[in-house]
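Accompanying notes for the structure given below.
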Amino acid sequence: MKNASWHARIDCGGEVGAGFLVTERHVLTCAHVVRDHGRHPVAVTFPHHRELAPVHATVSGTDDWQGRHDDPGDLAVLELDGPVPLAPAEFAAPGDAYGEPRPRLIVYGFPRGYDEGTIAEYRATAAQLIASEWVQLEAWSAHGQRLAPGFSGAAVALADTGRVVGMLSAADGAPDILSGRMLPTSVMSRYWPRLTELVRTPVHPPTTAERLRELVGKATGSEFGRDPERLYLDAAGPFGPPVPQGGFGSLWAAAWYLLWEVEDPDAATRFADRLAALLDTPAGPAPAAHPAAGPVWAPILVEIEHSGGDADQVLVAVSAHREGRRHPVDSRTLHRSEVRAHVQEHIEKAFWHLPSGADELIAFVLPREWLNEPVADWQRSADDPTPLGCSYPLVVTERSRRTGGLRHQLARKWERLGGRPSATLHRVECGPCEKPGKLRFLLRRDEADLAGFAAAPTAPRVRPHFEASLNAPAPILVWPRTGCEHGDHTTTDGCAGTDFLDRLAVYLDGLPPAELPRHVLALRESAEASDAPERHWARDVQLLWDDPRCFPDAAAAPHLSPVTR
């Protein structure tokens with residue numbers, strides 16, 4: 001076998017196992033091999049270098065293992081008392097173990113009767129992980145050496161190159177057992193992040209892996225590590241691999257899963273950027289001179305207003321905004337039935353006016369009675385059925401709030417709100433709730449930043465509260481365009497709108513208000529990509545997000561200069 005010098009034998013009390021040298025002072029093995037290290041010393045020998053005396057080692061990295069062979073995290077890091085003059089193991093790319101035909105894999109272990117070690121030949125059954133942790137191995141032939149106690153912790157290496165693809169974690173000594181289990185390097189990295197320095201990821205440069213490792217290290221134990229699934233979904237997008245069954249046990253697990261399983265080379269960068277922004281966000285309200293990190297939005301405005309006495313005739317203006325300046329794209333009078341196709345066409349044209357790499361934001365400035373219009377569901381273009389709301393961050397705003405006193409009040413609210421790490425959600429249930437006047441009071445006193453509704457604003461019980469929120473004015477409103485079918489309960493038990501608010505509260509927790517358009521985009525993408533989009537709790541979420549610092553003054557209707565057709 002090539003490069004055999006790094007194979008190691010591990011002795012701890014009465015347990016014998018294998019291991020492999022990965023740096024001049026670190027050896028990896030199974031946690032169960034050194035389970036008694038608290039009572040017995042750990043000795044590491046290198047069978048291909050008998051001139052080297054056994055080296056004492058200390059054990060770390062076993063906190064994730066619960067004590068049984070079938071528990072996840074069965075990995076231990078042994079730090080030798082001193083460096084050894086041997087070349088450490090080299091690693092293959094993670095996918096090299098699963099080519100067609102399946103490559104032959106070599107395992108070097110120390111079963112009973114083989115103090116000097118022996119070799120077993122196996123191959124991976126499939127790339128599919130068992131319980132998100134192990135790869136199943138099967139014997140290369142029916143007549144070779146069986147896996148048995150003493151092989152645990154051995155490197156699993158490609159026979160032709162000697163490069164390591166994983167570590168044997170389960171071996172059965174029964175004579176008729178022809179299979180075992182391997183921890184692939186991608187899983188090992190979850191438990192020992194330094195391994196990412198040694199294993200080349202499929203599409204991400206080493207600098208990306210190192211940046212992720214540093215950021216996750218800083219975030220470990222912080223509030224930002226509480227929901228790794230949300231960070232992963234934001235980064236991976238709707239077409240990336242889904243969250244493994246059971247979720248991620250830590251922020252480390254989500255980060256390394258991104259590195260190994262997501263082919264999009266920008267996904268890990270998005271994860272790192274989001275985490276860096278969270279870590280830079282102050283823990284409490286920040287002074288205006290030190291706002292929280294966030295996107296600098298480059299908005300495309302779609303402004304719609306009634307035209308004359310015909311309810312079906314509207315003025316539509318599309319414009320792009322760059323460095324505070326308006327770049328008109330088109331404005332004209334249209335029949336309501338023509339609006340969708342016109343908007344699709346001219347949004348695409350508006351992108352020519354945005355700076356390269358800008359954080360685009362589609363904002364529909366609508367009359368009050370249009371705010372529940374499903375603009376996020378409009379398809380991106382005549383040739384692309386992807387919903388607009390799954391293509392770009394998309395929000396709605398209300399036209400009357402774009403000028404005068406309401407705009408001035410909104411600007412003051414956002415000066416206070418913009419530096420906060422999270423918005424305070426006030427729930428408006430479709431069952432019994434406070435009077436609209438009290439809600440207006442709470443919003444005007446800044447005791448709530450974001451009003452979440454259990455039903456659409458067309459529901460009779462919700463409508464007065466929605467009007468009060470618009471007039472307060474609330475900086476952010478969120479609601480389901482359908483939501484509760486009734487909108488008029490004496491109790492909230494079993495209410496779809498209540499379920500919406502419960503899930504919304506969990507999703508929004510810890511998200512800076514300035515970044516909500518981006519996160520609602522991720523939420524819409526997740527709903528669209530789910531197995532049953534029509535049953536997803538966020539299938540028709542609508543976000544009214546109104547930050548005057550991002551939007552220039554709305555064009556007054558007389559100055560739209562519509563072109564009649």
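Atom set for the values below is all heavy atoms of this structure, side chains included, hydrogens, waters and symmetry mates excluded. The structure displayed is predicted, hence computed values, not measured ones.
At most 12 heavy atoms of other shown residues, nucleotides or ligands fall within 6.0 angstrom of atom OH in Tyr114. Within a 6.0 Å radius of CG in Asp531, no more than 12 heavy atoms belonging to other residues, nucleotides or ligands are found.
Put simply, the side chain of Trp297 gets close to the backbone of Ala514: a donor and an acceptor are under 3.5 Å apart. Listed for the Asp74 side chain is a donor-acceptor partner under 3.5 Å among the backbone atoms of Ala31. For Arg9 (side chain) and Asp115 (main-chain N/O), a donor-acceptor pair under 3.5 Å exists by modelled atom type. In this structure, the side chain of Thr45 does not engage the main chain of Pro47 through any donor-acceptor pair within 3.5 Å. Using modelled atom types, one side-chain atom of Arg102 and one backbone atom of Ala124 make a donor-acceptor pair closer than 3.5 Å. Side-chain atoms of His49 do not come within 3.5 Å of backbone N or O of Glu51 as any donor-acceptor pair. Of the possible polar contacts, none joining the Arg123 side chain to the Leu137 backbone as a donor-acceptor pair under 3.5 Å is found. Of the possible polar contacts, one joining the Ser422 side chain to the Gly510 backbone as a donor-acceptor pair under 3.5 Å is found. Using a distance-only test at 3.5 Å, with no hydrogens or angles considered, no donor-acceptor pair links the side chain of Glu528 to the main chain of Pro387.
Ring to ring, Trp140 and Tyr122 are not that close: their centroids are 6.0 angstrom or more apart. Taking the six-membered ring for Trp and the full ring otherwise, Phe351 and Tyr392 have centroids separated by under 6.0 Å. Residues His48 and Tyr108 place their aromatic rings such that the two centres sit under 6.0 Å apart.
Atom CG of Leu129 is separated from atom OG of Ser186 by 6.0 Å, given to the nearest 0.5 angstrom.
No hydrogens or angles considered: a donor-acceptor pair under 3.5 Å links the side chains of Thr386 and Asp384. Donor-acceptor pairing under 3.5 Å is recorded for the side chains of His32 and Ser152. In summary, the side chains of Thr58 and Glu79 do not present any donor paired with an acceptor at a separation below 3.5 Å, with no hydrogens or angles considered.
The shortest non-hydrogen separation linking Ala219 to Leu275 is CB-CD1, 3.9 Å. Here the closest heavy-atom approach between residue Arg524 and residue Cys390 is recorded as O-SG, 3.5 Å. The two residues Pro299 and Leu354 have their closest heavy-atom pair at O-CD2, 4.2 Å. When all heavy atoms of Leu258 and Ala235 are compared, the pair lying nearest together is CD1-CB, 3.8 Å. Across all non-hydrogen atoms, the minimal contact from Leu394 to Leu361 is N-CD1, 4.4 Å.
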- Kindly determine whether Met182 and Val165 satisfy side chain to side chain contact (heavy atoms under 4.5 Å, CB included), including the steps that lead there. CA-CA 9 Å; Met182 171 182 79; Val165 295; 4.1 Å; yes
- Message: Please determine whether side chain to side chain contact (heavy atoms under 4.5 Å, CB included) holds for the pair Leu105 and Glu121, giving the CA-CA distance in whole Å, both sets of side-chain angles, and the decisive distance to 0.1 Å.
- Response: CA-CA 6 Å; Leu105 304 175; Glu121 297 178 319; over 6 Å; no
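Using a 4.5 Å cut-off on side-chain heavy atoms (C-beta onward), Glu360 and Ile347 make no contact. Side chains of Val478 and Phe500 form a contact here, defined as non-hydrogen atoms less than 4.5 Å apart. Two residues are said to be in side-chain contact when any heavy atoms from C-beta on lie closer than 4.5 Å; Trp6 and Val22 fail this criterion. You'll find the side chain of Asp502 stays beyond 4.5 Å of the side chain of Val506, heavy atoms only.
Between Asp264 and Arg270 there is a salt bridge, with a side-chain nitrogen of the basic residue lying less than 4.0 Å from a carboxylate oxygen of the acidic one. Ionic pairing of Arg104 and Asp160 is not present here: no N-O contact between side-chain nitrogen and carboxylate oxygen is shorter than 4.0 angstrom.
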